[in-house]
There are 2 protein chains.
Amino acid sequence: MSDGYDGYDPHAYEPFAVAADLAVFTVRSGSLHVLLIRRGQEPYAGAWALPGGFVLPRESAETAARRELAEETGLADEVVAALHLEQLRTYSEPDRDPRMRIVSVAFTALVPDLPEPAPDGGGDAAHARWVPVADAGELAFDHAAILADARSRIGAKLEYTCLATAFCPPEFTLGELQAVYETVWSTPLDRPNFRRKVLATPGFVEAVPGAARLTGGRGKPAALYKAGPATALHPPLLRPEGHRR
Amino acid sequence: MSDGYDGYDPHAYEPFAVAADLAVFTVRSGSLHVLLIRRGQEPYAGAWALPGGFVLPRESAETAARRELAEETGLADEVVAALHLEQLRTYSEPDRDPRMRIVSVAFTALVPDLPEPAPDGGGDAAHARWVPVADAGELAFDHAAILADARSRIGAKLEYTCLATAFCPPEFTLGELQAVYETVWSTPLDRPNFRRKVLATPGFVEAVPGAARLTGGRGKPAALYKAGPATALHPPLLRPEGHRR
DNA sequence: CTTTTTATAGTCACTCCGACTATAAAAGGG
DNA sequence: CCCTTTTATAGTCGGAGTGACTATAAAAAG
């Protein structure tokens, strides 16, 4: 026998298709939302699904993910191009799609609270919506499992990376950053302690001098910060005991 | 336009092939080794490569990874079946294989120091060898990048999981466990502190009562432990500053 | 029997973190 | 205009965890 790569004739087999699917998260009005599209055709017509689609012959999976996201959701091209995509994992069970053999590379992205996916862009975008993950329920294919994996991954990543700032607008208050953690982890955090930890981590956030959020809200105006150059959190910011998944 | 999944005719495109590749690590004689095979045919004939091969039409990527590992390395079937495989990530750059479009799902596995891959099994196994990762050098395809990603992943995983016991035989001393950390991280650790940390983490290791390693070695015989039920390390066992990647 | 080697036990100071209290600066209601 | 409410920010205190280190125990080597 030769090794597994030799003597393979791809046309002798039913071909694989390779897809890229995305779990794009945002935090809005105190709950974690995921971007879903409603399927227009069988299978799973009318069901909600993660945005995604086939990888074309000259694309990497990540390129395909960006292209599909732009096509299906009408998010602005600059937004999609700048988006930090992270590969989650690949789903390759033989029967995960009833039509044919489809191997799907899943990606995760975090975005600040954006306007609703442009319905004026017409076409696919009209079927895209932000849905609270708690309300996502049944999804097409194995997308519910992908969503669960993505959710658990981002919860863990908040512990040891600075990724939480990706959920925030360019300038944000520490209260807003804390709300991201509390929303993703579904647990309240002590405000002074959170503040101390964030400020003590070099490069996590940087003060925007002289700026303060002029919200219509009550209370003392909060200082504004922007994301710093750090990417990892050492030591990590662990969620309270009993809130891990 | 419809969404990306609809109206796709896979036969209209050059087909994709999907492969599974493995980075299987072990610790032997004080250095981290990876299992490599020598390629017999073009492309990259004579070069070293990670074991792996094509996913068959009715297999998941993980099933294919196990099958290829057994075929190519002659590792015992029980060993391969019991192996903890973790998906690393998927490599999908269009030109990563010169022959055709191949998307590869990479896996990582950790095994105790095993005998050399059975050369008596004949066939492919004869071309499999444990190679110190420091000596791996150039590999076929993008396997050097996969290996680097895998190495960095396992280093990070030792920090917050109990995975280090996977490198050890069923019963091991704390000194052996510490050697795993020191080898993977390439940094010495303080022995009493390491011991305190491991024993203070519930479920990391369990004492084997009355047993002690009767090595030919000098010094006081060490007590034996076996892997406990815990899977995560809270709080984590962080490597010393400046040794992260 | 002494030295060497390895395992194991214990000490001490410092850091980090959870819980908590106190003060500051805004809005809203009388 | 004062007083309450709300939110932001500052500080305190004790305990857990850890790095650096010392001490003791149990084996082999000379």
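Letters go in sequence order (proteins before strands), and every chain restarts at 1. Quantities reported herein were computed from a predicted structural model and do not represent experimental measurements.
- The separation between Leu238(A) atom CG and dC17(C) atom C1' is 10 Å, rounded to whole Å.
- Sequence order on DNA chain C of the closest nucleotides to Asn193(B) and Asn193(A) puts Asn193(B) first from the 5' end.
- Between the side chains of Asp149(B) and Tyr91(B), at least one donor-acceptor pair of N or O atoms lies under 3.5 Å.
- Judged by distance alone, with hydrogens and angles left aside, the side-chain atoms of His33(B) form no donor-acceptor pair with the main-chain N or O of Val27(B) at under 3.5 Å.
- Set against dC16(C), dT8(C), dC20(C), the side chain of Pro235(A) has dC16(C) as its closest nucleotide.
- Within a heavy-atom distance below 4.0 Å of DNA chain C, the residues of residues 194-206 of chain A found are Arg196(A), Lys197(A).
- By the side-chain hydrogen bond (donor to acceptor under 3.5 Å, both in side chains) test, Thr201(B) pairs with no residue at all, sequence neighbours left out.
- With sequence neighbours excluded, the residues forming a side-chain contact (heavy atoms from CB on, under 4.5 Å) with Ala109(B) are Val24(B), Leu83(B), Leu85(B), listed by chain and number.
- Remark: Gln178(A) engages Glu182(A) in a side-chain hydrogen bond (donor to acceptor under 3.5 Å, both in side chains) (not counting sequence neighbours).
- Arg67(B) pairs by the side-chain contact (heavy atoms from CB on, under 4.5 Å) definition with Leu56(B), Glu59(B), Ala64(B), Glu71(B), not counting sequence neighbours.
- Here Asp113(A) pairs with Arg28(A) under the salt bridge (Lys or Arg N to Asp or Glu O under 4.0 Å) rule; sequence neighbours left out.
- The salt bridge (Lys or Arg N to Asp or Glu O under 4.0 Å) check on Lys157(B) picks up Glu86(B), with sequence neighbours excluded.
- By the salt bridge (Lys or Arg N to Asp or Glu O under 4.0 Å) test, Asp135(B) is found to be paired with no residue, residues two or more places apart in sequence or in another chain being considered.
- When the C1' atom of dC16(C) is taken as reference, atom NE2 of His234(B) falls 17 Å away, rounded to whole Å.
- Taken over five-pair windows at either terminus, the axes of the helix from dC1(C)-dG30(D) to dG30(C)-dC1(D) are inclined to one another by 10° (rounded to 10 degrees).
- A residue-by-residue look at Asp190(A) and Asp190(B) shows that Asp190(B) has its nearest nucleotide of DNA chain C further toward the 5' end.
- By the salt bridge (Lys or Arg N to Asp or Glu O under 4.0 Å) test, Arg191(B) is found to be paired with no residue, residues two or more places apart in sequence or in another chain being considered.
- Where Leu237(B) and Gly175(A) meet DNA chain D, the nucleotide closest to each residue was compared, and Gly175(A) sits on the side nearer the 5' end.
- Partners of Tyr225(B) by ring-ring contact (aromatic ring centres under 6.0 Å, His included), not counting sequence neighbours: none found.
- Atoms CG (Leu189(B)) and P (dC21(D)) sit 15 Å apart, rounded to a whole Å.
- dG17(D) atom C1' lies 19 Å from atom CZ of Arg239(B), rounded to whole Å.
- One can place CD of Glu159(B) at 12 Å from P of dT18(D), the figure rounded to the nearest angstrom.
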Can you give me the N/O atom pairs linking the protein to nucleotides 3-6 of chain C at distances under 3.5 Å, or say none if there are none?
unit_1	atom_1	unit_2	atom_2	d
dT6(C)	O2	Lys220(B)	N	3.4

